[in-house]
Amino acid sequence: MTITEAPIPVRSPLPQALAGQTAVIIGGSSGIGLAAGAMLASLGARVVLTGRDKARLDAAVEHARAAGPDAEVLGVAGDAADDTAVEETFERAGTVDHVLLTAGGSPGAMPISEVTRDAARQAFEGRLWTALAAARAAVPRMNAGGSITLTSGGLVVRPRPGMTLVSAVGGVETLTRALAVELAPRRLRANTVRYGMFDTPLARGAIGAGADGAGDEVVAEAGRGTPLGRLGTADEAAAAVLFLMANPYMTGEILTIDGGQAL
Ligand SMILES: NC(=O)c1ccc[n+]([C@@H]2O[C@H](COP(=O)([O-])OP(=O)(O)OC[C@H]3O[C@@H](n4cnc5c(N)ncnc54)[C@H](OP(=O)(O)O)[C@@H]3O)[C@@H](O)[C@H]2O)c1
């Protein structure tokens with residue numbers, strides 16, 4: 001661990017300051033990661049996107065390049081559950097400023113009577129170990145002032161029956177605070193965005209909505225009962241990540257963005 005006497009660098013906390021910085025998005029080919037990649041590229045950041053499905057990843061790279069024609073965008077296909085693949089991703093990325101982890105999946109609903117050791121191990125490895133492994137690979141390559149952003153969901157604070165395992169992987173929030181303390185001497189930061197329900201392929205799958213018009217109606221219906229009358233967009237979700245990346249004084253924070261859904 002490199003310990004530095006120098007304080008974290010002061011720089012503009014506005015997202016525009018991310019221009020020229022490198023961001024690795026593990027899970028950058030869909031939903032929130034896809035939106036964050038395009039936004040970062042549009043600001044002139046260098047962006048490295050990962051995902052398992054090569055065709056989807058290639059499309060995401062094209063999408064980000066279209067959003068930021070002058071930005072360098074690299075796609076590295078691989079499974080975030082494979083430690084070697086994660087190491088290789090960071091080797092190819094080189095020096096890194098920011099990491100966003102959206103990969104890891106969700107264990108899905110099941111009553112506690114049906115939760116098996118294997119299901120729990122898969123869920124904890126997918127969310128917690130993947131986050132630790134990504135941090136372990138990233139940190140030695142990160143510039144002072146850089147950040148790691150993880151993701152969690154509103155079930156952490158408002159669990160529902162059948163969602164015990166999904167809620168338990170919210171331990172990622174505890175991990176975030178621990179990482180923030182451990183990485184602070186290197187002047188690196190760690191935060192989590194805690195999401196309500198956003199209109200992404202993941203959420204559409206969870207509520208049985210396809211990408212077609214009928215699916216749009218299911219999404220609209222799911223949003224009607226929320227305080228603001230609709231689900232959030234992937235861009236709105238991604239903007240919260242860029243805020244955490246850009247602001248050098250944000251660390252150890254669990255930032256909720258949910259359109260008031262937790263109320
Ligand atoms: N959307 C919501 O309403 C919501 C609510 C609460 C929390 N969240 C959390 O926010 C995060 C992002 O959600 P999202 O809605 O954007 O999901 P999404 O649309 O399903 O996107 C997930 C991304 O991660 C990649 N990915 C998944 N598993 C991976 C693995 N093992 N290795 C490498 N890449 C992997 C996917 O690509 P491949 O499948 O091709 O690998 C995809 O690019 C998730 O952690 C989710 O739990 C979302």
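None of these values were measured; they are calculated from a predicted model. Order of appearance sets the numbers: ligands from 1, and atoms from 1 within every ligand. For the single chain, residues carry numbers from 1 onward in sequence order.
- Summarising the contacts of atom 43 (O) of ligand 1 with G154, A222, S29, A234, the nearest heavy atom is found in S29.
- The line from CG of D258 to CG of L263 is 6.5 Å long, rounded to the nearest 0.5 Å.
- In this structure, R127 counts as a contact residue of ligand 1, since one of its heavy atoms falls inside 4.0 Å of the ligand.
- Without hydrogens or angle criteria, E236 side chain to T233 main chain gives a donor-acceptor distance under 3.5 Å.
- Taking only nitrogen or oxygen atoms, main chain and side chain alike, F198 reaches within less than 3.5 Å of ligand 1.
- The single protein non-hydrogen atom nearest to atom 17 (O) of ligand 1 is L202 CB, 3.3 Å, given as residue, atom name and distance.
- Neither the backbone nor the side chain of S106 comes within 4.0 Å of ligand 1, counting heavy atoms alone.
- Here the closest heavy-atom approach between residue T151 and residue T192 is recorded as C-CG2, 4.1 Å.
- By the 3.5 Å distance cut-off applied to N or O atoms, T50 is not counted among the residues near ligand 1.
- Of the possible polar contacts, one joining the R46 side chain to the A93 backbone as a donor-acceptor pair under 3.5 Å is found.
- Residue-level proximity to ligand 1 for D53 is carried by backbone and side chain together, each with a heavy atom below 4.0 angstrom.
- At least one side-chain heavy atom of T226 sits less than 4.5 Å from a side-chain heavy atom of Q261.
- Going from atom OG1 of T102 over to atom CG of L202 covers 9.5 Å, rounded to the nearest 0.5 Å.
- Among protein heavy atoms, the minimum distance from atom 26 (N) of ligand 1 is reached at A103 CB, 3.6 Å.
- Those atoms of ligand 1 that come under 4.0 Å of a heavy atom in A203, given as number and element, are 3 (O).
- Counting heavy atoms from C-beta outward, D83 and R136 have side chains that approach closer than 4.5 Å.
- Between the OG atom of S152 and the CD atom of E173 there is a distance of 3.5 Å, given to the nearest 0.5 Å.
- Below 4.0 Å from some heavy atom of G28 lie the following atoms of ligand 1, by number and element: 43 (O).
- Electrostatic pairing of R177 and E182 does not count as a salt bridge here, judged by no charged N lying under 4.0 Å from a carboxylate O.
- Annotation: side chain of L242 is in contact with side chain of L18 (closest heavy-atom distance under 4.5 Å).
- Contact annotation: for I32 versus ligand 1, heavy atoms closer than 4.0 Å belong to both the backbone and the side chain.
- Shortest contact from atom 25 (C) of ligand 1 to any protein heavy atom: G27 CA, 3.5 Å.
- Summary of contacts: the protein heavy atom closest to atom 28 (N) of ligand 1 is R52 NH2, 3.1 Å.
- Close contacts between ligand 1 and R56 involve ligand atoms 36 (C), 37 (O), 38 (P), 39 (O), 40 (O), 42 (C) [criterion: under 4.0 Å to a heavy atom].
- With atom 32 (N) of ligand 1 as the reference point, the heavy atom nearest to it among A35, G31, A80, A237 is part of A80.
- Only the backbone of S152 comes within 4.0 Å of ligand 1, counting heavy atoms alone; no side-chain atom from C-beta on gets that close.
- For atom 5 (C) of ligand 1, the candidate residues are G153, A55, G196, A131; the nearest heavy-atom contact is made by G196.
- In this structure, A206 has no heavy atom closer than 4.0 Å to ligand 1.
- Remark: minimum distance from atom 1 (N) of ligand 1 to any protein heavy atom is reached at T200 OG1, 3.1 Å.
- Scanning the protein heavy atoms around atom 19 (O) of ligand 1, the nearest turns out to be S30 OG, 2.6 Å.
- Near G51, meaning under 4.0 Å from any of its heavy atoms, are these atoms of ligand 1: 34 (N), 41 (O).
- Taking every heavy atom of D79 and a limit of under 4.0 angstrom, the matching atoms of ligand 1 come to 30 (C), 31 (N), 32 (N).
- Salt bridge present: E217 and R224 bring a charged side-chain N and a carboxylate O closer than 4.0 Å.
- The G78 neighbourhood of ligand 1 comprises atoms 32 (N), 33 (C), with distances under 4.0 Å to a heavy atom of that residue.
- Connection of W129 to L101 is established within a shared hydrophobic cluster, with ILVMFWY side chains joined at heavy-atom distances below 4.5 Å, either directly or through further cluster members.
- Checked for salt-bridge contact, R141 and E87 meet the test: a charged N lies under 4.0 Å from a carboxylate O.
- At the top of the distance list for atom 12 (C) of ligand 1, counting protein heavy atoms only, stands T102 CB, 3.6 Å.
- If you number the atoms of ligand 1 from 1 as listed, the ones under 4.0 Å from a heavy atom of M197 come out as 3 (O).
- The main-chain N or O of M245 is found under 3.5 Å from a side-chain atom of R189 such that the two form a donor-acceptor pair.
- Rounding to the nearest 0.5 Å gives a distance of 7.0 Å between OG1 of T251 and CD1 of I8.
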